[in-house]
Amino acid sequence: MADPKGFLSTGREVAETRPVADRVKDWNEVYVPGSLLPIISKQAGRCMDCGIPFCHNGCPLGNLIPEWNDYAYREDWSAASERLHATNNFPEFTGRLCPAPCESACVLGINQPAVTIKNVEVSIIDKAWDTGDVKPQPPERLSGKTVAVIGSGPAGLAAAQQLTRAGHTVAVYERADRIGGLLRYGIPEFKMEKVHINRRIEQMRAEGTKFRTEIEIGRDIDAAKLRKRYDAVVIAAGATVSRDLPVPGRELNGIHFAMEYLPLANKVQEGDFVAPPITAEGKHVVVIGGGDTGADCVGTAHRQGAASVTQLEIMPRPGEDRPAGQPWPTFPMLYKVTSAHEEGGERVYSVSTTHFEGDEDGNVQFLHLVEVEFKGGKLEQKPGTERKIPAQLVTLAMGFTGTDQENGLVQQFGLALDERGNIARDADYATNVGGVYVAGDAGRGQSLIVWAIAEGRSAARGVDRFLTGASELPAPIRPTDRSLMV
C-alpha cells in the first residue's frame, strides 16, 4: 500500500480554486494551475489499500484506484498513468467532470473525508501529458473490417478508440462542426478547457481513427445506406432531446433550452463568434433545473455579466450529511456547491414554475412560481406562496428525455426501443438490427460521463466479437448494470 498511516496523519486537501473576482473575468479553468502536484502524493497516501476496495464498485469503469494511488504516492507517474489508462481511455475528462461516485464508495469515507480520488486521477493524467507518457497506440495489424461510430461524445470516442486499437478501420460521424459532442459544446470552458479534447483527437487520428464532422446520419446520409457501407455500426448519439416546460408563456422570446444557450458560449471560445447570439449580459437570468447542467448555465451567466442569476429546483434542498436512507457505499444526494455557485446567484428549492409573463414585444420579463411540497408521494402546490421574479433570460436545464428521433436515424435503421424510449440492446449491446450496436445515453438514458466511457468500451467488445468471432477487449459493465444507489 502507499502510506500505512496516511489516512491517520494526513487530512483531506482538494484542488485550490482561483479567486472568484478573477476567474469570472475569463473562461479558463477555475483551478489554480499546478496547485495539486505539491500536495497530491500525500493525498494519494491516504488510500487505505482496502482488502475489498469499494471504490471499484462505485466506478463503472472499474478503475484500479488503490494501484494508481500507490504509484502516485511514490511519484512513479509513468506507472500510475499505465494503471489509469488500463481501464479509462480519457481520465482527463473524468478527472474534471465526473461527480466521483468512487469517492462516495471510499471505505475511508465511512467515518472520515474520502480520499481525493478525482484530484489524484487528474494529476496523474496531466503529468502524463506533460512528460510525454501519452502516446498513440496504433494496431500492429489491420483486420480488414470497417466500423462507423455515430456520435463523438465520450461513449463514441471510447468505442472508436478501442475498436481502432483492435485493428478495425473506424470512422466517427459527428453532426456538429467539431468533434467532442457534449464534451465540446455542452461543457463550459471553465470546467474543461477544450485543449484536453483536441489532443485526444490528435492521438486517435495518429492511431488511425477517421473523423467526419457536419454529417448527421438520418438527414445527410441515410442510415440504411450507412449500414451497407460498413461491416458494423455503433450508435452513440446520446440522449439529446431536452425536457421541455409546457406552461403558459413558454413561447416568449428569451426562453431557451440549456443546450441552445451553452454551445453558443463555447463557440465564442472557439472563435466562431465575437459575442454569443444568446447572452446573459445585463439581464436577470433564471435557470430552471438544479443539476450540473443548470450549474453550467449559472457559471456561464456570471461570465457574461448577468445582472442577477437565480436557479430554481422543484425538489427540496438536500442535506449536507449522508441521509440514513442512502448508506455507504451508495452515491448520496447531498447539497453541492459547485464553482459556479461559489461565484454568486441565488438558489431556490421546492418551487415550480406556473407561467411566464412577457412585454408588448413578446420578450419574457417575469417568471411566476409557487412553492411545492410532497404529500403522500405527490407534489402539491402550497396555497398563498405564489410570486413572480424578474426573468429576461430563462434557460431550461431539466435533463433529457431520449435520443433524437426527428432526424430519421431510428426509423431508417428500423431500431426497436425499450419501455423508456431508449434504443433497445441485448447483453452484447447489439440492437435488433444485425451489426448495429448502441452505447451510452442513446441506450442507457441520461447518465454520467464514466458510464458513457464504460459503455463505449463494453460495446466495442461486442462489436469486436461480431466482426472476428472473439475479443480480448474489456467489457466493464453490462447494459443492465446501474449506479450503486438506493
Side-chain angles (χ1 to χ4, degrees), residues 1-15 40-74 79-80 82-91 93-125 292 318-336 444 447-455 457-458 474-486:
M1 63 186 299
D3 182 353
K5 297 182 180 180
F7 68 96
L8 296 173
S9 61
T10 304
R12 177 181 167 107
E13 288 186 79
V14 296
I40 207 63
S41 292
K42 275 200 166 186
Q43 289 303 304
R46 297 181 71 235
C47 179
M48 300 166 68
D49 194 19
C50 312
I52 301 177
F54 276 80
C55 54
H56 287 191
N57 298 82
C59 178
L61 285 165
N63 281 335
L64 307 174
I65 295 165
E67 295 184 35
W68 41 260
N69 273 334
D70 180 55
Y71 286 123
Y73 170 71
R74 303 175 192 283
E82 187 279 326
R83 289 288 78 195
L84 189 56
H85 282 100
T87 57
N88 189 351
N89 298 71
F90 313 118
F93 301 167
T94 54
R96 286 172 168 82
L97 304 176
C98 180
C102 53
E103 293 188 18
S104 298
C106 174
V107 174
L108 182 59
I110 294 175
N111 60 1
Q112 291 190 46
V115 175
T116 54
I117 298 170
K118 183 175 172 179
N119 281 182
V120 177
E121 177 182 27
V122 80
S123 299
I124 293 170
I125 183 56
D292 288 339
E320 297 184 16
D321 298 318
R322 183 186 285 272
Q326 298 172 3
W328 176 89
T330 60
F331 188 71
M333 299 299 294
L334 301 175
Y335 180 70
K336 183 168 64 172
R444 173 170 292 271
S447 190
L448 303 177
I449 182 172
V450 278
W451 284 91
I453 296 174
E455 287 228 350
R457 289 170 64 88
S458 298
I477 58 172
R478 299 164 297 182
T480 53
D481 288 343
R482 292 293 179 264
S483 300
L484 194 62
M485 300 179 70
V486 294

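Position 1 is the first residue of the sequence, and the numbers go up from there.
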Discussion item. Measuring only between side-chain heavy atoms, which start at C-beta, is M333 closer than 4.5 Å to P323?
Written reply: no
Discussion item. The criterion is side-chain contact (heavy atoms from CB on, under 4.5 Å); which residues satisfy it with S9, sequence neighbours excluded?
Written reply: D3
Practice prompt. Nearest 0.5 Å please: distance from the CG atom of D70 over to the CZ atom of R74.
Written response: 4.0 Å
Practice prompt. Output the distance between atom CG (D49) and atom CZ (F7), rounded to the nearest 0.5 Å.
Written response: 11.5 Å
Fill in: Greater than 12 external heavy atoms within 6.0 Å of D321's CG
no
Fill in: Where H56 and L64 come nearest, the two heavy atoms and their spacing
NE2-CA, 3.8 Å
Worksheet, complete the sentence: CD1 of I65 to CD1 of I117, rounded to nearest 0.5 Å, is 4.5 Å
Worksheet, complete the sentence: Taken in chain and number order and not counting sequence neighbours, the residues that satisfy side-chain contact (heavy atoms from CB on, under 4.5 Å) with S123 are L36, I40
Practice prompt. Enter the distance from C98:SG to L448:CG here, rounded to the nearest 0.5 Å.
Written response: 6.0 Å
Discussion item. I'd like to check the side-chain hydrogen bond (donor to acceptor under 3.5 Å, both in side chains) partners of D481; sequence neighbours left out, ordered by chain and number.
Written reply: R478
Discussion item. Can you list everything that forms a side-chain hydrogen bond (donor to acceptor under 3.5 Å, both in side chains) with H85? Sequence neighbours excluded, please.
Written reply: S81, R200
Worksheet item: Looking at residues at least two apart in the chain, or sitting in another chain, which of them share a side-chain contact (heavy atoms from CB on, under 4.5 Å) with P329?
Response: F54, A105, L484
Practice prompt. Indicate the atoms forming the closest heavy-atom contact of Q43 with T116, along with that distance.
Written response: CB-OG1, 3.5 Å
Worksheet entry | Listed partners of N119 passing side-chain hydrogen bond (donor to acceptor under 3.5 Å, both in side chains), at least two apart | none
Practice prompt. Could you pull out the closest heavy-atom pair between S104 and F331, with the gap in Å?
Written response: OG-CD1, 3.2 Å
Worksheet item: Residues in ring-ring contact (aromatic ring centres under 6.0 Å, His included) with F93, at least two apart?
Response: F90
Item to complete: Kindly write out the residues that satisfy side-chain hydrogen bond (donor to acceptor under 3.5 Å, both in side chains) with R46, not counting sequence neighbours, or none if the list is empty.
Response: none
Practice prompt. Sequence neighbours left out, what passes salt bridge (Lys or Arg N to Asp or Glu O under 4.0 Å) with R444? Give chain and number order.
Written response: E455
Response to the item:
What one should report as the nearest heavy-atom pair of V115 and C106 is N-SG, 3.7 Å
Worksheet item: So, do L334 and Q326 sit near enough that their side-chain heavy atoms are less than 4.5 Å apart?
Response: no
Item to complete: Enter the distance from N88:CG to T94:OG1 here, rounded to the nearest 0.5 Å.
Response: 4.0 Å
Discussion item. Donor-acceptor pair, distance only, cut-off 3.5 Å: does the side chain of R12 make one with the backbone of Q112?
Written reply: no
Discussion item. For a quick test of reading the model, state the closest non-hydrogen atom pair linking A44 to N69 and the distance between them.
Written reply: CB-O, 3.3 Å
Response to the item:
For V122 and G95 the tightest heavy-atom approach is CB-O, 3.9 Å
Practice prompt. Could I get the full list of salt bridge (Lys or Arg N to Asp or Glu O under 4.0 Å) partners for E67, not counting sequence neighbours?
Written response: R83
Worksheet item: Heavy-atom distance under 4.5 Å between the side chains of C55 and P66, does that happen here?
Response: yes
Discussion item. Can you list everything that forms a salt bridge (Lys or Arg N to Asp or Glu O under 4.0 Å) with R96? Sequence neighbours excluded, please.
Written reply: E29, D126
Worksheet item: By side-chain contact (heavy atoms from CB on, under 4.5 Å), which residues pair with A100, not counting sequence neighbours?
Response: C102, E103, K118
Response to the item:
The residue among C59, P476, P60 that forms side chain to side chain contact (heavy atoms under 4.5 Å, CB included) with W451 is P60
Worksheet item: Hey, is CD1 on I52 packed in by over 12 heavy atoms from elsewhere, all under 6.0 Å?
Response: no
Fill in: Spacing of CZ belonging to R457 relative to OG1 belonging to T87, to within rounding of 0.5 Å
6.5 Å
Worksheet entry | Side-chain heavy atoms of Y71 within contact of L84, under 4.5 Å | no
